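To start, the structure itself, in structure tokens.
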2 protein chains.
Amino acid sequence: MAGPDGDHQNLALLCFYPHRAMEARLLATVAAEGFDDLTLAQARLAARIGPSGTRLTDLAEQALVTKQTAGHLVDQLQRAGYVRRVPDPTDARARLVQIAERGEQLVAVARRVEAEVEAEWTAHLGEEATAQLRAALTRLRELTDPYR
Amino acid sequence: MAGPDGDHQNLALLCFYPHRAMEARLLATVAAEGFDDLTLAQARLAARIGPSGTRLTDLAEQALVTKQTAGHLVDQLQRAGYVRRVPDPTDARARLVQIAERGEQLVAVARRVEAEVEAEWTAHLGEEATAQLRAALTRLRELTDPYR
DNA sequence: CCAGTTAGTCAGAAGATCTGACCATCGTCA
DNA sequence: TGACGATGGTCAGATCTTCTGACTAACTGG
């Protein structure tokens, strides 16, 4: 959409590289540790499931996909044993998507890798610069994340 | 892949929001200004075309897709008049993908929107914090962008 | 208890991406 | 200089992702 223009890279593009790097690293590592089904789209959706379960509609909204897409991906995740659907006790229409047993194992690996990668980044940038980076991005999120 | 954990959000996820916001804004604006064909995938690839043209293989590598996918997207972009393919004078196997007339118009709009959005972000964060953010992301790119 | 909203599904189509096979050209080294 | 592995690119086919539109069931406020 933009175009490479030497040193002054567009801020959004600069944001893209770390995200892509983390995503690729996570997916590769979990695949290497036995979770070799699991596509990127499934992982992106699964990453948004909260500790006590999340409604399909909420997942869809946060991931910026339609309910249909989210439902389709949850079907796959369920078939692979990563998540389960349980009735929402507060609303008979709704069901909560929860992390299942296999999903917990996956999350454990993912959290470990995330921590590793962040540690590498922190080592490269320094503690202080990393803290500033996190702070700036967190403030920026006020503008850029409609689902805070 | 990860999971929401309150305030201490994973750095990569924090990087994701601005990128997504920019991408959505760009796509919506160019669509509103008449470039209403153009899918996200096409735009992502087109954004990597250099001033004097770029080889298909390089586009694919930078966008982290296969040559086939890149070729498919370039076909579409070409049909829509955004790019053209010319022989690479230095290698008879290769062809350069170049921005065509309609593509130039698109790029102009995209650059304008990019500048607008960055200005909003700078206004929100302050000049100094924005400069620090850019610097940190640029250094991080040394680790996270294999195609620098 | 009706009307409008919300949660989710079904069906079908379009897009994006991949794997595998293939051809032409390039570069190199004997 | 000529054979051979590497590189740029395409074709074909399959799978995955995502969307639009239509629908059912359940909630909610008057």
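By convention in this document, chain letters (A, B, ...) are assigned in the order of the sequence lines, proteins followed by strands, and residues within each chain are numbered from 1. The shown structure was predicted, so the numbers you read here are calculated from the model rather than taken from an experiment.
Among pairs with a residue in residues 57-81 of chain A, those fulfilling salt bridge (Lys or Arg N to Asp or Glu O under 4.0 Å) read Asp75(A)-Arg85(A), at least two apart in sequence or across chains. Applying the ring pair (Phe, Tyr, Trp, His ring centres under 6.0 Å) test to every pair with at least one member in residues 13-48 of chain B, sequence neighbours left out, gives these pairs: Phe16(A)-His19(B), His19(A)-Phe16(B). For the salt bridge (Lys or Arg N to Asp or Glu O under 4.0 Å) condition, the pairs that include at least one residue of residues 10-21 of chain A, sequence neighbours left out, are Arg20(A)-Asp145(B).
Atom CD of Gln62(A) is separated from atom P of dA7(C) by 13 Å (rounded to the nearest Å). In this structure, CG of Leu56(B) is placed 14 Å from C1' of dT17(C), rounded to the nearest angstrom. For the pair Leu40(B) CG and dC19(D) C1', the interatomic distance rounds to 13 Å; values are reported in whole Å. Arg55(A) places its CZ atom 6 Å from the P atom of dG8(C), with the value rounded to the nearest Å. Going from atom CG of Leu27(A) over to atom C1' of dC16(D) covers 14 Å, rounded to whole Å. Glu61(A) places its CD atom 14 Å from the P atom of dC19(D), with the value rounded to the nearest Å. Following rounding to the nearest Å, Leu59(A) (CG) and dT6(C) (P) show an atom-to-atom distance of 18 Å.
Every residue meeting the side chain to side chain contact (heavy atoms under 4.5 Å, CB included) condition with Ala80(B), not counting sequence neighbours, appears here in chain and number order: Asp37(B), Tyr82(B), Arg102(B). With sequence neighbours left out, the side chain to side chain contact (heavy atoms under 4.5 Å, CB included) criterion links Ala94(B) to Arg55(B), Asp88(B), Asp91(B). With sequence neighbours excluded, no residue forms a side chain to side chain donor-acceptor pair (under 3.5 Å) with Thr54(A). Partners of Glu116(B) under the side chain to side chain donor-acceptor pair (under 3.5 Å) rule, at least two apart in sequence or in another chain, are Arg112(B). The side chain to side chain contact (heavy atoms under 4.5 Å, CB included) search around Ala63(A) returns Leu45(A), Arg48(A), Val65(A), not counting sequence neighbours.
The residue from Glu120(A), Glu114(A), Glu118(A) that alone fulfils the salt bridge (charged side-chain N to carboxylate O under 4.0 Å, His left out) condition with Arg25(A) is Glu120(A).
Near-neighbour residues of DNA chain C inside residues 64-79 of chain A, defined by a heavy atom below 4.0 Å, number-ordered: Lys67(A), Gln68(A). Of all the residues in residues 80-95 of chain A, Asp91(A), Ala92(A), Arg93(A) reach under 4.0 Å from DNA chain D with at least one non-hydrogen atom.
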Can you give each donor-acceptor pair under 3.5 Å made by side-chain atoms of residues 123-133 of chain A, sequence neighbours left out, with the distance rounded to 0.1 Å?
| residue | atom | partner | partner atom | Å |
| --- | --- | --- | --- | --- |
| His124(A) | NE2 | Arg139(B) | O | 3.1 |
| His124(A) | NE2 | Glu142(B) | OE1 | 3.0 |
| Thr130(A) | OG1 | Gly126(A) | O | 2.6 |

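Recorded end-axis angle for the helix from dC1(C)-dG30(D) to dA30(C)-dT1(D) stands at 30°, based on five pairs per end and rounded to 10 degrees.
In this model, the phosphate group of dT6(C) is not approached by any side-chain N or O of Thr57(A) to a distance below 4.0 Å at OP1 or OP2.
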Please evaluate residues Val113(A) and Val30(A) with respect to the criterion side-chain contact (heavy atoms from CB on, under 4.5 Å), reporting the C-alpha separation (whole Å), side-chain torsions for both, the decisive distance (0.1 Å), and the verdict. CA-CA 9 Å; Val113(A) 177; Val30(A) 301; 5.6 Å; no
